[in-house]
Amino acid sequence: MSILKKDLTVTNINSLNGYFPVRTSNSEDSFDWEIAKGIVVRNMYRKIVSPALTKPIEGEDGSKQDQSFAQFREICRDDFLKRIDEEDLWPYLEKMYFANDAFFDVAPESLLFKITSLKASNPKNRLGDLYSSLMGGFYLKNPIRIQRNFLEQQVVDSLRDPKVLEDFTDRRVSKGVYEKPYLPFLTHLFRTDLKFLADRPKYLLEKLEDLLKLYGYLYTAQLALNIKGWRSLSEPDSKPLYFIMENETASKERTDLVKNGHQRVSILLENLFPYLTMSEGLQDPNIDANEHRLPLWEFASKLSEEDSPALAAYAKAFACDRSKDPDYEFPYEMSNPDPLHWLKILLELALRQFDKGESRAAAQGKFIKATEIELCSTFVKNRGQVGKVLVMNQDYLELVTNLAVGENDKLRFHELLQEFEARGIYFDKQTQQSLIQFYERVGNVERMSDSGDAVYVRKTV
């Protein structure tokens, strides 16, 4: 049975629904990290705020308003008075946990109130969809429970009451996550790193946004570095991507920072939208039959010679549709039996429609600009004549070090570097020496001798 969509019809729209959260047109509030955190917590804990609380209530002005948090506060108050019977204590607890945003630091599930009014069609889902896709169905079978002070425990007990939180069973969530992993190596590590944080709930609350921004960039960069390698018909792997520490000096002599840093990624970003939209347009995943959207490299591996006529016809129709020349003649021999030949031509055509001077060039520019701003800017810094380089500050270094050491007590320094590189984080020799000095200042390094192999690094949590 062919993997191709049965009815390949050319349209003037390049539609993207999966594998990436950026579109050619993005509203200013599309990328909300609070909502992304709420979606990740929902997926991990398989919980949502009860629909009985999230049902909009008519406000004084007649508009429908989400009052779920206010209703929960009343539930918490009632529970507190039933358990403690000390009404004078409630104002202190209310001020401590409900006056500001302190409630959202109580337990990971508190972040579920960030998404109570989120509809499946809301564009704000797209950022969360990226992480839902990376999670690949991952959830916590036995969430860790930690000891808390007396008052905080009262809030958490009310939060976890079945009348407040219900089981979340919607596997699909939104149309952007029903897909097989594009970067399986990164999916595996994201799940591992999420589990590491989830086993330390307070650390999860502290570092979840940093983790999401880190993987948002790593996914973007590795997707850009790997997307043209579809002809290998095999899973992508971690490509070199060099960072420096924020207190280091970048120079042109450090060639990896330029050749294998963000400047290379920035050039390759132009391939993302054309390749992803073309790949999506050739597929017709069936949710009812449990058929997922496939990454381009896997889709290509499933094509056969029987698909070549349909691909050739579609390539010709697409080329004619996108050409501004009324006398355009398709320059390729239609009898070529190789489906990968036609897929290559289709991808070239998809990219060419966004060339400078074409009517769609502005849309491509908006896509790239939004990607740079929303997913790359945390780590991309301009260093004078060297240009844009990847910089990792001390907070992120501490986080990635803890994730890399993981459940081990410590790792040899070269093993630590291997864990970094598996995630797509590379450091040249000069930065490696700066890293050791950083660990020595922090106090989480054991140096058995002057050789690098005898340097051990511990996690800080």
Side-chain angles (χ1 to χ4, degrees), residues 183 185-186 189-190 192-193 196 207 210-211 213-226 236-266 268 375-384 386-406 408 410-460:
L183 303 173
F185 74 93
L186 212 57
L189 289 163
F190 183 63
T192 299
D193 291 346
F196 177 85
K207 295 296 184 181
D210 287 346
L211 181 80
K213 287 184 176 180
L214 174 67
Y215 269 91
Y217 178 73
L218 295 177
Y219 178 85
T220 300
Q222 291 296 329
L223 184 62
L225 293 169
N226 277 284
D237 55 12
S238 173
K239 297 291 190 290
L241 189 62
Y242 282 82
F243 291 73
I244 60 172
M245 296 174 62
E246 62 181 344
N247 60 348
E248 284 189 274
T249 301
S251 65
K252 292 183 178 180
E253 287 71 29
R254 301 176 69 177
T255 55
D256 278 324
L257 297 182
V258 178
K259 291 183 178 179
N260 294 306
H262 185 73
Q263 292 182 40
R264 183 183 178 203
V265 171
S266 187
L268 295 172
L375 296 173
C376 304
S377 60
T378 299
F379 302 97
V380 178
K381 308 299 177 186
N382 201 320
R383 290 295 180 89
V386 180
K388 293 180 178 180
V389 297
L390 291 170
V391 177
M392 189 169 288
N393 66 31
Q394 294 186 8
D395 290 338
Y396 276 101
L397 277 175
E398 182 180 346
L399 173 61
V400 298
T401 299
N402 289 333
L403 297 174
V405 176
N408 300 292
K410 56 189 176 183
L411 286 182
R412 289 177 181 266
F413 184 64
H414 78 273
E415 294 172 333
L416 184 71
L417 294 176
Q418 289 172 354
E419 288 293 327
F420 289 161
E421 291 173 2
R423 289 164 174 78
I425 302 169
Y426 290 69
F427 298 110
D428 66 12
K429 294 295 183 183
Q430 187 171 328
T431 301
Q432 290 174 27
Q433 291 303 311
S434 298
L435 266 178
I436 293 176
Q437 294 170 11
F438 167 72
Y439 293 140
E440 287 176 335
R441 290 196 304 271
V442 173
N444 62 330
V445 68
E446 296 178 16
R447 188 186 286 273
M448 302 303 182
S449 73
D450 291 334
S451 68
D453 285 344
V455 174
Y456 290 82
V457 180
R458 299 187 302 272
K459 56 180 177 281
T460 60

Donor-acceptor under 3.5 Å ([X] side chain, [Y] main chain):
X      : Y      : answer
Asn402 : Thr460 : yes
Arg458 : Gly443 : yes
Gln263 : Val386 : yes
Lys410 : Val405 : no

Which residues pass the side-chain hydrogen bond (donor to acceptor under 3.5 Å, both in side chains) test with [X], sequence neighbours left out?
X      : result
Lys259 : none
Tyr426 : Ser238
Lys239 : Asn226, Asp237
Asp256 : Asn260

How many angstroms lie between atom [atom1] of [X] and atom [atom2] of [Y], to the nearest 0.5 angstrom?
X      : Y      : atom1 : atom2 : result
Leu183 : Leu189 : CG    : CG    : 11.0 Å
Met392 : Leu397 : CE    : CG    : 6.0 Å
Leu390 : Phe243 : CG    : CZ    : 4.5 Å
Arg447 : Ile436 : CZ    : CD1   : 5.5 Å
Leu416 : Glu421 : CG    : CD    : 10.0 Å
His262 : Ser377 : NE2   : OG    : 9.5 Å

Partner set under side chain to side chain contact (heavy atoms under 4.5 Å, CB included) for [X], not counting sequence neighbours:
X      : answer
Thr220 : Phe20, Leu269, Thr371, Leu375, Cys376
Lys381 : Val391
Ala221 : Tyr217, Leu241, Val265
Thr431 : Ile244, Met245, Glu248, Arg254, Phe427, Asp428

Those residues that, when tested against Tyr215, pass ring pair (Phe, Tyr, Trp, His ring centres under 6.0 Å) (two or more places apart):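 Testing Tyr215 for ring pair (Phe, Tyr, Trp, His ring centres under 6.0 Å), a comparison that skips the adjacent residues, returns Phe190.
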Contacts of type ring pair (Phe, Tyr, Trp, His ring centres under 6.0 Å), residue Tyr396, not counting sequence neighbours: Phe379
In the structure I gave you, are the side-chain heavy atoms of [X] and [Y] within less than 4.5 Å of one another anywhere?
X      : Y      : value
Leu211 : Leu403 : yes
Lys459 : Asn408 : no
Glu253 : Gln430 : no
Leu214 : Ile425 : yes

Salt bridge (Lys or Arg N to Asp or Glu O under 4.0 Å) involving Glu398 - partner list, sequence neighbours excluded: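 Residues passing salt bridge (Lys or Arg N to Asp or Glu O under 4.0 Å) with Glu398: none at all.
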With Arg423 via salt bridge (Lys or Arg N to Asp or Glu O under 4.0 Å) - residues at least two apart: Asp193, Glu419
Side chain to side chain contact (heavy atoms under 4.5 Å, CB included) between Val455 and Tyr439, worked out: CA-CA 10 Å; Val455 174; Tyr439 293 140; over 6 Å; no
Closest non-hydrogen atom pair between Phe420 and Ala404, with its separation: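 In this case the closest contact between Phe420 and Ala404 is CE2-CB, 3.7 Å.
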